[in-house]
*Asks:* 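To start, I am sharing the structure in question, which I have written as structure tokens.
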Amino acid sequence: MGQRLPDGLDCWPGTMHMTDERRALRADDEARFADRHAGHRSHRWSMQGYRELHCGACCPPPPMSVSQLEAIGRILSAPVKERDAHWWRLTLMCGHRAEARAHMSHGARWHPPTHRCPDCEKTRGVVESECLGTPEVELPDGVTSSTVPPRRRSGTRAELQAENAALRARLAELGVLEA
């Protein structure tokens, strides 16, 4: 309850190497924890290198990093079968466009909050998305969706630069990007 991280206290060595003085301090810490969290009936947690104990019922752990969230997302995401996928053209905050694949159950209004920009190689906010429909390619036997590379944009360099300039002008009108 309101205990800061890090706690600024010396961490406890393994109990095997504690002095009698440290054992008494640890017993005091345990007693204070039991008083503060009496009746919570939950687990306790701590962080390596810190002495303070935290209650699983009322002390939330520190938030996960972006890389941890992405790793969990990859673990929990089932691969989308090609016949069940829709392709989307995403307009990113940086002004670039990217294509993404998502399950058709997202409907015609899927709009992820962020996407990795293939040009900037950074995660950017998504301004808008446009459904391109389902792929029209039949996959040969033995080929899975994980072996098919994502579709690339087509057009000449000049066409893509003109499209990018028009997109940047539109984003400037919306106040998202400076002209």
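We count residues from 1, following the sequence as given.
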*Asks:* So, do Arg124 and His96 sit near enough that their side-chain heavy atoms are less than 4.5 Å apart?
*Replies:*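 The answer is no; the side chains never approach within 4.5 Å.
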*Asks:* Ala100 and Leu90: which non-hydrogen atoms are nearest, and at how many Å?
*Replies:* CB-CD1, 3.7 Å
*Asks:* Does Met64 reach the side chain of Ile72, with side-chain heavy atoms less than 4.5 Å apart?
*Replies:*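 Yes - at least one pair of side-chain heavy atoms lies under 4.5 Å apart.
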*Asks:* Between atom NE2 of His40 and atom SG of Cys59, what is the distance when rounded to the nearest 0.5 Å?
*Replies:* 8.5 Å
*Asks:* Starting from the C-alpha separation in whole Å, work towards a yes-or-no answer on side chain to side chain contact (heavy atoms under 4.5 Å, CB included) for Glu130 and Thr91.
*Replies:* CA-CA 8 Å; Glu130 173 189 358; Thr91 305; over 6 Å; no
*Asks:* Please determine whether side chain to side chain contact (heavy atoms under 4.5 Å, CB included) holds for the pair Leu92 and Val126, giving the CA-CA distance in whole Å, both sets of side-chain angles, and the decisive distance to 0.1 Å.
*Replies:* CA-CA 4 Å; Leu92 307 176; Val126 176; 3.9 Å; yes
*Asks:* Let me see the working for Arg26 and Asp29 under salt bridge (Lys or Arg N to Asp or Glu O under 4.0 Å), right down to the final yes or no.
*Replies:* CA-CA 5 Å; Arg26 181 167 178 149; Asp29 283 354; over 6 Å; no
*Asks:* Roughly how far apart are Asn164 CG and Leu171 CG, rounded to 0.5 Å?
*Replies:*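 Going from CG on Asn164 over to CG on Leu171, the span is 9.5 Å.
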*Asks:* Where do His115 and Glu99 come nearest, in terms of heavy atoms and distance?
*Replies:* NE2-O, 3.9 Å
*Asks:* Work out which heavy atom in Ala57 is nearest to a heavy atom in Ser42; give both atom names and the distance.
*Replies:* N-OG, 3.3 Å
*Asks:* Give a yes or no on this: more than 12 heavy atoms of other residues, nucleotides or ligands lie within 6.0 Å of atom CD of Glu121.
*Replies:*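 No, the 6.0 Å shell around CD holds no more than 12 heavy atoms from other groups.
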*Asks:* Do the non-hydrogen side-chain atoms of Lys122 and Cys94 ever get within less than 4.5 Å of each other?
*Replies:* no
*Asks:* Shortest non-hydrogen contact from Ala102 to Trp88?
*Replies:*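 Scanning both residues, the minimum pair turns out to be CB-NE1, 4.0 Å.
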*Asks:* Hey, are the side chains of Cys55 and Arg36 touching, using non-hydrogen atoms and a 4.5 Å cut-off?
*Replies:*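 When only atoms from C-beta onward are counted, Arg36 and Cys55 do not touch, as no gap falls below 4.5 Å.
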*Asks:* Within the 4.5 Å heavy-atom criterion, are Glu128 and Arg170 side-chain neighbours or not?
*Replies:* yes
*Asks:* Is there a side-chain contact between Arg101 and His86 in this structure, where contact means two heavy atoms from C-beta onward sitting under 4.5 Å apart?
*Replies:* no
*Asks:* For the CG atom on Asp20, are there more than 12 heavy atoms of other groups (residues, nucleotides or ligands in this structure) within a distance under 6.0 Å?
*Replies:*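 Not buried by this count: 12 neighbours or fewer within 6.0 Å.
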*Asks:* With a 4.5 Å limit on heavy-atom distance, are the side chains of Glu30 and Leu53 in contact?
*Replies:* yes
